[in-house]
Participant: 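Dumping the structure here so I can ask a few things about it.
Counting convention: from 1, in listed order, for ligands and their atoms alike.
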Amino acid sequence: MSKTVFVLNGPNLNMLGKREPGIYGGKTLKDIENDCVAMGRDLGLAVDFRQSNHEGVLVDWLHEAGENAVGVAINAGAYTHTSLALHDAIRAIPIPVIEVHISNVHAREAFRHHSMIAPACKGVICGFGPTSYVLALHALKSITD
Ligand code: DQA
């Protein structure tokens with residue numbers, strides 16, 4: 001039976017494909033979801049892929065993952081840099097969480113260099129475009145086996 005992992009996406013990621021394609025590329029979030037579901041199938045992981053523009057919804061989904069999943073990959077978007085609530089939610093659940101970014105946040109504006117959630121996460125993957133998500137699934141597979 002496949003183990004379930006949640007792939008959570010925060011604000012503005014529903015705009016991928018239209019949003020700053022020079023930074024985030026031309027793939028839509030649906031394209032990324034399809035890639036994640038296909039890779040999950042290869043890895044024996046059932047991928048529950050979601051997006052919300054609302055911080056509290058992401059907190060609720062982290063709590064739900066803590067009950068129903070073996071791990072989480074989260075691209076928290078701009079909440080990465082601001083959200084103590086997401087930091088606390090990640091610390092509150094007993095499963096590994098991996099922080100994901102499409103862009104290399106460290107090569108961008110100074111305000112993107114600090115992550116509020118990284119200290120609560122198992123690890124961080126950033127800068128590989130949509131492949132960052134697939135790499136996070138490989139990481140989740142290896143640390144939850
Ligand atoms: C992002 C990087 C964040 O700084 C930004 O606010 C995003 C997307 C990324 O995937 O590269 O919304 O998380």
Participant: Is it the case that the side chains of Q51 and N53 hold a donor-acceptor pair, with the cut-off being a distance below 3.5 Å and no angle test?
Facilitator: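 Q51 and N53 do have a side-chain donor-acceptor pair below 3.5 Å.
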Participant: Under a 3.5 Å cutoff, is there a donor and acceptor pairing between the side chains of Y133 and D35?
Facilitator: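 Checked: Y133/D35 side chains show no N/O donor-acceptor pair below 3.5 Å.
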Participant: If you look at each N/O of ligand 1, which protein N/O atoms lie under 3.5 Å away, and at what distance?
Facilitator:
| residue | atom | partner | partner atom | Å |
| --- | --- | --- | --- | --- |
| ligand 1 | 4 (O) | H81 | NE2 | 2.7 |
| ligand 1 | 4 (O) | R112 | NH1 | 2.9 |
| ligand 1 | 6 (O) | A78 | N | 3.2 |
| ligand 1 | 6 (O) | R112 | NH1 | 3.1 |
| ligand 1 | 10 (O) | N75 | ND2 | 2.9 |
| ligand 1 | 10 (O) | I102 | N | 2.8 |
| ligand 1 | 11 (O) | I102 | N | 3.3 |
| ligand 1 | 11 (O) | S103 | N | 2.8 |
| ligand 1 | 11 (O) | S103 | OG | 2.6 |
| ligand 1 | 12 (O) | R19 | NH1 | 3.2 |
| ligand 1 | 12 (O) | R19 | NH2 | 3.0 |
| ligand 1 | 13 (O) | N75 | OD1 | 2.8 |
| ligand 1 | 13 (O) | H101 | ND1 | 2.7 |

Participant: Going by atom types only, do T80 and E99 share a side-chain donor-acceptor pair under 3.5 Å?
Facilitator: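 No, no side-chain donor-acceptor contact under 3.5 Å.
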Participant: For residues 59-82, which residue pairs pass the salt bridge (charged side-chain N to carboxylate O under 4.0 Å, His left out) check, not counting sequence neighbours?
Facilitator: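 Only R50-E64 qualify under salt bridge (charged side-chain N to carboxylate O under 4.0 Å, His left out).
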Participant: Looking at H113 and R108, would you say the former's side chain and the latter's main chain have a donor-acceptor pair under 3.5 Å?
Facilitator: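 Yes: the side chain of H113 pairs with the backbone of R108.
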Participant: Evaluate whether atom CZ of R19 has more than 12 neighbouring non-hydrogen atoms of other residues, nucleotides or ligands under 6.0 angstrom away.
Facilitator: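 Counting other residues, nucleotides and ligands, CZ of R19 exceeds 12 neighbours.
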